[in-house]
Amino acid sequence: MITSKNRAELRSRANELETTLMIGKDGITDNLVDELDRQLEARELVKGRVLETALMTAREASDELCARLNAEGVSCVGNRFVVYRRSETLARKTGTAHPKVKVNPVRSGIRRRRAIARAERERRNTFFREAAIAQAKQRRKDAGNED
């Protein structure tokens, strides 16, 4: 099961992909399933298209293919769909275990600056709290000496 964050990253990667799988009037055949299996093993992410002559929608085709190949449906828009399945051979070649999640440098910079500001506030609050306690002790001491 892939997370929504991984699904969003896979959708963005799929925008650049060419459509390599076509489903025509014959529908989903064993040859088509075998071809998709080979493509998933080689690429992990495959974009497919359901032609107008097919008697099924892209969602139906994606769901059936995912069920037969133990894959995940990433997106389904119009007559196109994207399927993902983690490939062991590709993971060994590239050394990655999961799809890479892009890091947004703007957000990470904002988070870093907020953490620094939070730490500075805590340091300042601690200083003033200790100073107030010291002044209160001094006042009590002075008040005790006047009596």
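Counting from 1, the numbers follow the sequence of the chain as shown. The shown structure was predicted, so the numbers you read here are calculated from the model rather than taken from an experiment.
With salt bridges taken as basic N to acidic carboxylate O contacts below 4.0 Å, one links R85 and E41. Using a cutoff of 4.0 Å between basic side-chain nitrogens and carboxylate oxygens, D37 and R68 are not scored as salt-bridged. Between R123 and E120, at least one side-chain nitrogen of the basic residue sits less than 4.0 Å from a carboxylate oxygen of the acidic one, meeting the salt-bridge criterion.
We find the CG-CD1 distance between L36 and I23 to be 8.5 Å, quoted to the nearest 0.5 Å. In this structure, CZ in R11 is found 11.0 Å from CG in N6, a value given to the nearest 0.5 Å. The distance from the CZ atom of R113 to the OG atom of S108 is 8.5 Å, given to the nearest 0.5 Å. Taking CE of M22 as the start and CD of E35 as the end, the distance is 12.0 Å to the nearest 0.5 Å. Here the CD1 atom belonging to I116 is positioned 14.5 Å from the CZ atom belonging to R111, to the nearest 0.5 angstrom. To the nearest 0.5 Å, atom CG of residue L32 and atom CG of residue D26 are 9.5 Å apart.
The shortest side-chain heavy-atom distance between L65 and F81 falls under the 4.5 Å cut-off. Put simply, the side chain of V83 does not reach to within 4.5 Å of the side chain of L69, judged on heavy atoms. Put simply, the side chain of L21 does not reach to within 4.5 Å of the side chain of R49, judged on heavy atoms. Looking at R86 and E72, their side chains never come closer than 4.5 Å, going by heavy atoms from C-beta outward. Side-chain contact between R13 and L45 is present, with heavy atoms from C-beta onward closer than 4.5 Å. With a 4.5 Å cut-off on side-chain heavy atoms, V46 and V82 do not count as touching. With contacts defined as side-chain heavy-atom distances shorter than 4.5 Å, the pair T20/Q39 qualifies. You'll find the side chain of L10 stays beyond 4.5 Å of the side chain of E44, heavy atoms only.
L40 and I28 fall within the same hydrophobic cluster, defined by Ile, Leu, Val, Met, Phe, Trp and Tyr side-chain heavy atoms under 4.5 Å apart, directly or through other members. The cluster map of Ile, Leu, Val, Met, Phe, Trp and Tyr, joined by side-chain heavy atoms under 4.5 Å apart, puts V50 and V77 in different clusters.
The closest donor-acceptor contact from the side chain of T126 to the backbone of E122 lies under 3.5 Å. Of the possible donor and acceptor atoms, one in the side chain of E60 sits under 3.5 Å from a partner among the backbone N and O of T57.
D142 and Q138 share a side-chain donor-acceptor pair at under 3.5 Å. For the residue pair T19 / R80, a side-chain donor-acceptor distance below 3.5 Å is found, with atom types taken as modelled.
Applying the 6.0 Å contact sphere to CG of L55 captures no more than 12 heavy atoms from other residues, nucleotides or ligands. Around CG of N125, the count of heavy atoms belonging to other residues, nucleotides or ligands within 6.0 Å exceeds 12. Applying the 6.0 Å contact sphere to CG of N15 captures more than 12 heavy atoms from other residues, nucleotides or ligands.
Across G73 and S62, no two heavy atoms sit closer than the pair CA-OG, 4.2 Å.
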